[in-house]
Amino acid sequence: MSLNTTDINRLMTRFDSHASVWLFGYGSLIFKADFPFLERRPASIHDWSRRFWQGSHDHRGTGQAPGRVATLVPDEGAVCHGMAYLVTPEEFAHLDQREKNGYLRLATPMRFADGTGAEGIVYIATAGNAAWLGQASDDDIAGQIASARGPSGRNSDYLLELARALRELDVCDTHVDYLAERVRELLRS
Ligand code: SIN
């Protein structure tokens, strides 16, 4: 897969004729909503876990020193909590650009806190994409995050902002919480 997924994502036309579409965010889309939305609600999707296994060459790292950002990995029975945004289909041109470093649009069911649900879109960077870094020990991941930086800022800010936003949503994510703790220690030392 090429490092730029915008052309592939443009072929995903499934929701183009809809007046609005739900977008599920689990990473930077939770704490940085740089797009207009009609409504937003805490939401969750099933059978996925959030992991810092995706490389970032364009936002939180560089080609020479990639950062690590969140993606979702299949995990039967797991629930990933995040934020859902109701957007118009036109917003996907901007979102495809923002998520171009390996993320593909995937149609997914999502559930809202009130028990209702909807079908919508999530951006997932799947295993083996050109920017994929994959599994490593949490301590190695924390070390990489503590030192990386890219055009959108420090990799540690991405992680710490996400940890803060999840706390505000009352979400406990042990992977994110452990990484945030380690990165804080590394930044202090
Ligand atoms: C997301 O937030 O849903 C996708 C990954 C990211 O942009 O951090």
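Read the numbers this way: they start at 1 and go in the same order the structure lists the ligands and their atoms. The basis for the numbers below is simple: all heavy atoms, side chains too, and nothing from hydrogens, waters or symmetry mates.
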Margin query: Is it the case that the side chain of Arg182 and the backbone of Asp138 share a donor-acceptor pair, with hydrogens and angles ignored and the cut-off at 3.5 Å?
Written below: no
Next item on the list: Examine distances only and state if a side-chain atom of Asn129 and a backbone atom of Tyr103 form a donor-acceptor pair shorter than 3.5 Å.
Entry: no
Next item on the list: Check Glu161, Arg60, Arg98 against Ser28 for a side chain to side chain donor-acceptor pair (under 3.5 Å) and give me the one that passes.
Entry: Arg98
Check: Sub-3.5 Å donor-acceptor pair from the side chain of Asn9 to the main-chain atoms of Thr6, do we have one?
Finding: no
Which protein N or O atoms sit under 3.5 Å from any N or O of ligand 1? Give atom names and distances.
unit_1   : atom_1 : unit_2 : atom_2 : d
ligand 1 : 2 (O)  : Gly27  : N      : 2.8
ligand 1 : 2 (O)  : Ser28  : N      : 3.1
ligand 1 : 2 (O)  : Leu29  : N      : 2.9
ligand 1 : 3 (O)  : Tyr26  : N      : 3.0
ligand 1 : 7 (O)  : Ser28  : OG     : 2.8
ligand 1 : 7 (O)  : Glu99  : OE1    : 2.9
ligand 1 : 7 (O)  : Glu99  : OE2    : 2.9
ligand 1 : 8 (O)  : Ser28  : N      : 2.8
ligand 1 : 8 (O)  : Ser28  : OG     : 3.0
ligand 1 : 8 (O)  : Tyr158 : OH     : 2.5

Check: Nearest heavy-atom pair of Cys172 and Asp177: which atoms, and what distance?
Finding: SG-OD2, 4.1 Å
Check: Any side-chain heavy atom of Leu95 sitting closer than 4.5 Å to one from Tyr85?
Finding: no
